[in-house]
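Please read the structure below before turning to the comments.
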Number of protein chains: 2
Amino acid sequence: MTNIFTLDKYRFPVDHDQHYHRGFMMNEEDVAIIREISLFSSMSDEHFDQLLKLSHLKQSPPQVQIITEGDPADFLHIVLEGTVEMFSSSNDRDTTMLVLRAGSTFILAAVLKDAVYLMSARTLDDSKILMIPAGNVRKVMETDPDFARTMVTELTKNFRGVIRAFKERKLRTGLERLANYLIRMNEQTSGRGQIMLTENKRTLAALLSVTPEYLSRAFKKLGEYGVEVSGKRIHLTDLRALKRLAKPNPLIDKRDI
Amino acid sequence: MTNIFTLDKYRFPVDHDQHYHRGFMMNEEDVAIIREISLFSSMSDEHFDQLLKLSHLKQSPPQVQIITEGDPADFLHIVLEGTVEMFSSSNDRDTTMLVLRAGSTFILAAVLKDAVYLMSARTLDDSKILMIPAGNVRKVMETDPDFARTMVTELTKNFRGVIRAFKERKLRTGLERLANYLIRMNEQTSGRGQIMLTENKRTLAALLSVTPEYLSRAFKKLGEYGVEVSGKRIHLTDLRALKRLAKPNPLIDKRDI
DNA sequence: CGAGCCATTGACAGAGGTCAAGGCGTGTGG
DNA sequence: CCACACGCCTTGACCTCTGTCAATGGCTCG
């Protein structure tokens, strides 16, 4: 199938702060990849076209701030690669709200409401982010009920994700959050107790919403529950004991119900 | 204007647990009031009719549990009168997530996703709650784009409400949350520092997500910032000092941006 | 080999919960 | 009209979770 998209439609007009990120025109390969994302895969070429007009890709190294709370929501953001931390500040405190991976959209609610961002975002890894002008999203939603449904589904998913994060923060201690994280990792890799951490411990600490120091102590404490740590390699030698501590709960841990 | 609705359409078929609440048929007056809620005021009679079919009103005294997390989302709930606390439990802890007043919908996300509730709800005051079968909501959304938009707006609003609550919990201490609450109350009543608490302190504690004991101590501590308490009557004698402590932040405190 | 980042460890402090006891007000029954 | 009970709020003592600050150890990379 030939690619029907001419590249100049997807050029970003201005790259506001070149010091901190690089805005890219998309090449054919990028566009093809984006076309396949489930959010867009079922829409017509015409609407896809309309949506991506003046969209752009942002490629950022770690620790680059992408959006700032309080700014108007110009773009819908979609993480294509890497890791993005949603955080929030007030009264010179700073707290991680969520950590997002490839496939996640963020600040959809602000885009739909045409309001300001309530959270800031920064990269934690090298990341590639697709930015779609907020107006395009709203316009295509008006004319394409199917896309509107997709967006609502996405918003709903994000909503429930936030609820889950909120619950986990309020109902579990940092130690328990770590224990549950390890249990989830173990199930995903279906390994029999052998885990390789996919992120460095700083990122993991943010993900669990604790300080690196606290995380370090938590790992040590989990030694009492059969968790052996050496660098990024973790060995769970007593899953039963760990679960007794963690008390996993599908209403918090299962991401898709 | 004559009321076009015949009452028997709005009868609830089964009242599952009569011990804890009373399910009511709606009378003409109820229906008329509901018709005026902004969520429904602009829709056609036909769709309104379709929506409310088999809906019912639930009238509950304080401390009655209305929904339980993990149950399938059968009904969209709308608070018509009173106060509802959304809470969540795990591992025999129990935490307040949100407190809702008249006009709020809840568990819209679960209804749209046709999934289970992620939070439980209980009344804090005598409350009147409208329950609309989840299927009706989804059906009318399919055929009435305007209503669909209204629901999306509502979901968006709720989403941002949760983000705000989450932020407030993570970025402010209990003392600061109380201080900001008093400042907000003062602005709403536009009184010059004279506030009358609208809820008892137990409810207020839940709303601020602290224990009653903590709240009591927090009030005492606010004495240092010019807050004088006698029962439900509060006097703010040094708003400047209170604000210096509270550091109000529109991205947390303003409910409608 | 040194610079620097990351992780660990120790000492400490503060926020906020728990438990138990006591005070205050209000409504009901004698 | 008084007394008592019950619910709510307050107060004190205490403890745990978690953050902060500072020092150190280890690893990587130029």
Side-chain angles (χ1 to χ4, degrees), chain A residues 61-63 83 87-96 124-126 168-181 196-224 227-234 245-247, chain B residues 61-63 87 89-96 124-126 168-181 196-224 227-234 245-247:
Chain A
Q63 299 301 330
T83 311
F87 68 101
S88 195
S89 317
S90 185
N91 180 3
D92 67 359
R93 284 161 220 158
D94 184 302
T95 188
T96 302
L124 292 179
D125 298 336
D126 279 304
E168 177 154 47
R169 247 8 79 63
K170 302 236 308 171
L171 292 168
R172 288 177 174 162
T173 66
L175 187 67
E176 291 166 344
R177 294 200 291 277
L178 175 58
N180 278 291
Y181 175 84
M196 202 67 181
L197 293 183
T198 54
E199 33 249 322
N200 63 23
K201 294 191 178 157
R202 244 180 163 65
T203 304
L204 181 55
L207 202 148
L208 297 173
S209 224
V210 297
T211 58
E213 294 95 323
Y214 184 93
L215 178 64
S216 189
R217 293 187 179 103
F219 265 122
K220 204 170 173 189
K221 184 120 197 160
L222 287 185
E224 301 169 19
V227 176
E228 292 167 6
V229 183
S230 75
K232 297 199 162 207
R233 165 168 270 110
I234 314 272
L245 169 70
K247 299 190 185 63
Chain B
Q63 298 300 330
F87 69 101
S89 317
S90 185
N91 181 4
D92 66 1
R93 283 162 221 158
D94 185 302
T95 189
T96 302
L124 291 179
D125 297 335
D126 279 304
E168 176 153 48
R169 249 5 82 61
K170 302 236 309 173
L171 292 169
R172 288 177 173 163
T173 66
L175 188 67
E176 291 166 344
R177 294 200 292 276
L178 175 58
N180 279 291
Y181 175 83
M196 202 65 181
L197 292 183
T198 54
E199 34 249 322
N200 62 25
K201 294 193 177 156
R202 246 183 163 63
T203 304
L204 181 55
L207 204 148
L208 297 173
S209 224
V210 297
T211 57
E213 294 95 324
Y214 183 92
L215 178 63
S216 189
R217 293 186 180 104
F219 265 123
K220 204 171 173 186
K221 184 119 196 161
L222 286 186
E224 300 169 19
V227 177
E228 291 167 8
V229 184
S230 75
K232 298 200 162 206
R233 165 168 271 109
I234 314 272
L245 169 70
K247 298 189 186 61

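Here is the naming used below: chain letters follow the sequence lines, and residue numbers restart at 1 for every chain.
Protein atom CZ of A/Arg169 is 11 Å distant from nucleotide atom P of D/dT18, rounded to whole Å. Counting to the nearest Å, the P atom of C/dA15 and the NZ atom of B/Lys170 are 18 Å from each other. Summarising the geometry, the separation between NZ on B/Lys221 and P on C/dG14 is reported as 10 Å, rounded to the nearest angstrom. A straight line from CZ of B/Arg93 to C1' of C/dT18 spans 13 Å, rounded to a whole angstrom. In this structure, CG of B/Leu245 is placed 14 Å from C1' of C/dA15, rounded to the nearest angstrom. Taking atom CG on A/Leu124 and atom P on C/dC6, their separation rounds to 12 Å, with Å as the unit. With rounding to whole Å, B/Leu215 atom CG is found 12 Å from D/dC8 atom C1'. The CZ-C1' distance, from A/Phe219 to D/dT18, rounds to 17 Å in whole Å.
The shortest distance between the side-chain N/O atoms of B/Thr211 and the OP1/OP2 oxygens of C/dG16 is not below 4.0 Å. For B/Ser216 and D/dC9, the shortest distance from a side-chain N or O to OP1 or OP2 is not below 4.0 Å. Listed pair A/Tyr214 / D/dT18 meets the phosphate criterion, a side-chain N or O lying under 4.0 Å from OP1 or OP2.
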Evaluate the side-chain contact (heavy atoms from CB on, under 4.5 Å) criterion for residues A/Tyr214 and A/Leu208: first the C-alpha distance (whole Å), next the side-chain angles of each, then the deciding distance (0.1 Å), finally the verdict.
CA-CA 10 Å; A/Tyr214 184 93; A/Leu208 297 173; over 6 Å; no

Quick one, B/Lys170 with A/Ser209, criterion side-chain contact (heavy atoms from CB on, under 4.5 Å). Give me CA distance, side-chain angles, the key distance, then yes/no.
CA-CA 10 Å; B/Lys170 302 236 309 173; A/Ser209 224; 2.3 Å; yes

Test side-chain contact (heavy atoms from CB on, under 4.5 Å) on B/Leu222 and B/Leu245; report intermediate values, then the result.
CA-CA 9 Å; B/Leu222 286 186; B/Leu245 169 70; 3.5 Å; yes

How would nucleotides 19-24 of chain C be written as a contact map, 5' to 3', with B for base contact, S for sugar-phosphate-only contact and - for no contact, using protein heavy atoms under 4.0 Å?
B-----

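With hydrogens and angles disregarded, a donor-acceptor distance shorter than 3.5 Å links the side chain of A/Thr173 to the backbone of A/Glu176. Between the side chain of A/Arg93 and the backbone N or O of B/Leu171, at least one donor-acceptor pair lies under 3.5 Å.
The shortest side-chain heavy-atom distance between B/Ile234 and B/Val227 falls under the 4.5 Å cut-off.
Between atom NZ of residue A/Lys247 and atom OG of residue B/Ser90 there is a gap of 9.0 Å, rounded to the nearest 0.5 Å. Atom CZ of B/Arg202 and atom CG of B/Leu207 lie 15.0 Å apart (nearest 0.5 Å).
For the segment residues 197-209 of chain B, residues with any heavy atom less than 4.0 angstrom from an atom of DNA chain D are, sorted by number, B/Asn200, B/Lys201, B/Arg202.
Under the side chain to side chain contact (heavy atoms under 4.5 Å, CB included) rule, A/Pro62 has a single partner from A/Leu124, A/Asp126, A/Thr203, A/Asn200, which is A/Asp126. With A/Leu204 as the fixed residue, the side chain to side chain contact (heavy atoms under 4.5 Å, CB included) test singles out one of A/Val210, A/Leu215, A/Thr198: A/Leu215.
Crowding of A/Lys201 atom NZ: a count of heavy atoms from other residues, nucleotides or ligands under 6.0 Å exceeding 12. Shown here is B/Arg233, whose CZ atom has no more than 12 heavy atoms of other residues, nucleotides or ligands within 6.0 Å.
Mapped onto DNA chain D by nearest heavy atom, B/Lys220 and A/Arg177 fall at different nucleotides, with B/Lys220 at the one closer to the 5' end.
In the helix from C/dC1-D/dG30 to C/dG30-D/dC1, the terminal helix axes, each the rotation mapping four pairs' C1' atoms onto the next four within five end pairs, subtend 20°, rounded to 10°.
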